[in-house]
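Okay, structure first, notes after.
Note that the structure is predicted; figures quoted are calculated from it, not measured. First listed ligand is number 1; within each ligand, the first listed atom is number 1.
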Amino acid sequence: MNVKNICCLGAGYVGGPTMAVIAQQCPHINVTVVDVNATRIAAWNDADLDKLPVFEPGLDNVVGEARGRNLFFSTDVDQAIDEADMIFISVNTPTKTYGKGKGMAADLKYIELCARQIASVSKTNKIVVEKSTLPVRTASAIKNILDHTGNGVEFQILSNPEFLAEGTAVDDLLAPDRVLIGGDTSDKGQEAIQALVDVYAHWVPKERILTTNVWSSELSKLTANAFLAQRVSSINSMSALCEKTGADVNEVAKAIGLDSRIGSKFLKSSVGFGGSCFQKDILNLVYIAKTYGLNEVADYWEQVIIMNDYQKNRFSNNIVSTLYNTVSGKKITFLGWAFKKDTNDTRESAAIQVADNLLNEQAHIAVYDPKVTEERIYADLDYLNTRAEEENRSLLNVKNDPYEACKDSHAIAVLTEWDEFKTYDWQAIYDNMLKPAFVFDGRGILDIKSLENIGFVCYSIGKGFNK
Ligand code: NAD
Ligand code: UGA
């Protein structure tokens with residue numbers, strides 16, 4: 001089967017970039033990305049490519065090339081479903097905040113709404129592709145809804161989880177380590193798999209396109225994120241031990257990473273992992289394990305989250321104890337708010353928890369992040385519901401200029417590893433700070449030696465203070 005029209009439900013961090021790359025690489029396929037959020041769609045259609053709702057290096061070029069040619073962004077969900085022969089579901093699957101599985105299970109209400117809408121609108125056979133990250137066995141629920149509420153048309157369900165990382169999304173999509181496609185073992189299932197393989201084969205080498213059964217594909221996505229997050233928690237647990245023993249976490253990471261069985265990637269100690277998925281997907285995995293009575297499995301993976309929370313709290317506790325056990329009324333400057341560099345995404349960013357802890361200690365915080373808006377920062381804090389919104393606005397200020405943000409502060413905390421932080425005039429920053437001037441590098445990116453030469457007192461994650 002030759003796919004001619006693709007539609008994607010959900011124009012977020014995954015739907016937008018993923019579909020833009022498919023459209024760019026397959027000019028003969030019409031790709032329409034739809035969303036219920038009209039503001040988001042308007043931003044995807046903005047003539048000014050700097051105003052796309054998702055910041056990703058290189059994404060403006062990809063969108064600029066394909067948009068209007070064979071890439072369209074629209075709020076007309078019904079029309080896009082009707083015209084498509086392949087429909088990707090890329091909507092959000094957050095952790096449930098109510099009812100059974102609250103705080104752990106994935107909330108599949110948006111997925112179910114999509115399935116019902118696809119069923120009610122479709123007049124021709126469709127291939128439905130799960131692009132969102134879903135609990136294992138979700139495909140059978142989607143199939144059930146489609147078959148029972150549809151108009152007699154045939155649906156094939158594929159699982160095609162996305163492995164892109166934010167900040168490198170375009171590169172990851174253009175040259176993926178692998179593309180995973182899970183489908184039914186029946187002939188029709190295999191035909192559907194082949195149709196999707198053919199789409200990716202336009203730019204991905206065939207040996208990198210892996211086909212499996214649906215359940216393996218669904219579970220592989222959760223497993224990949226669990227393993228990645230586990231590595232970060234593992235190295236972060238060692239960062240605490242390094243600080244007590246005089247070992248340097250970067251040296252330890254290098255020493256173990258050179259063992260080809262361990263590998264060097266994902267061993268950068270930090271103030272804690274963030275992002276929309278690691279925590280959500282591990283909690284989901286824990287929940288699934290528990291529902292099958294696999295309590296030891298559940299406990300094992302939950303520890304990855306516990307360690308991450310510990311790391312964030314350890315960082316803020318260290319700031320308080322270093323600043324003579326009180327930060328009340330003291331100005332602390334945050335460099336970075338995004339959960340990692342090269343993205344404007346702040347979901348589950350460690351900065352949020354660290355800020356909340358310090359605000360509980362009555363600190364005054366100034367934040368500078370090159371890509372995150374003031375509105376987003378306040379929304380992140382308000383969402384925690386720890387204190388009144390007015391109090392968040394009076395205790396925390398967002399600055400557009402890093403030097404202004406650092407002026408008159410007692411301490412600087414690096415929460416995101418933005419490259420530009422390394423290039424600042426740190427002497428000028430030092431001159432305008434209260435003394436002793438502290439730097440807490442939660443990402444281990446600054447040249448501590450030269451900062452110390454200027455006069456800063458420096459803490460670096462996994463190294464501690466220079467003894
Ligand atoms: P997102 O919140 O950025 O985007 C989801 C979009 O879906 C929103 O714009 C929302 O308005 C829209 N939506 C919700 N219901 C809809 C409906 N019924 N019809 C049309 N649009 C609807 O989320 P995201 O970060 O793009 O993640 C989407 C999925 O992809 C999640 O399951 C996530 O776990 C997974 N994933 C995310 C990443 C990542 O880096 N963000 C990477 C891999 C996988
Ligand atoms: C992660 C996975 O890397 C993607 O493969 C996956 O598709 C995605 O989740 C998802 O399912 O959403 P992402 O969260 O965008 O991607 O970014 P990562 O590069 O994985 O970073 C996650 C967090 O871990 C960040 O806060 C980052 O700073 C932190 N991290 C990462 C470290 O602290 N140390 C490291 O060595 C690596």
Looking only at protein heavy atoms, which one is nearest to [atom], and what is the separation?
atom                    : answer
atom 39 (C) of ligand 1 : E166 OE2, 3.3 Å
atom 25 (O) of ligand 1 : R347 NH2, 2.9 Å
atom 19 (N) of ligand 1 : V36 CG1, 3.7 Å
atom 14 (C) of ligand 1 : N92 OD1, 3.4 Å
atom 34 (O) of ligand 1 : K280 NZ, 2.6 Å
atom 35 (C) of ligand 1 : T133 OG1, 3.5 Å
atom 43 (C) of ligand 1 : E162 O, 3.2 Å

Just to be sure I understand the cut-off, which residues have at least one non-hydrogen atom under 4.0 angstrom from an atom of ligand 2?
E162, F163, L164, A165, E166, K221, N225, L228, V232, F266, L267, K268, S270, F273, G274, C277, F278, F339, K340, R443

Reference residue E166; test salt bridge (charged side-chain N to carboxylate O under 4.0 Å, His left out); the match among R347, K340, K341, K371
R347

Any idea which atoms of ligand 1 are less than 4.0 Å away from a heavy-atom of C277?
33 (C), 34 (O), 36 (N), 37 (C), 38 (C)

For ligand 1, which atoms, with element, lie under 4.0 Å from some heavy atom of T93?
31 (C), 32 (O), 34 (O)

Hey, are Y310 and N236 close enough side-chain-wise for a donor-acceptor pair under 3.5 Å?
no

Quick one about S460 and R443 (side-chain donor to acceptor, distance below 3.5 Å, no hydrogens or angles considered), yes or no?
no

Strictly by ring pair (Phe, Tyr, Trp, His ring centres under 6.0 Å), give each pair with a member in residues 242-273 just once, sequence neighbours left out.
F273-F278

Nearest non-hydrogen contact to atom 29 (C) of ligand 1 from the set V91, L9, V14, V77 belongs to V91

Nearest candidate to atom 9 (O) of ligand 1, where distance is taken over non-hydrogen atoms, out of D35, T18, T39, N37
D35

Salt bridge or not for D82 and K123, using N-O below 4.0 Å?
yes

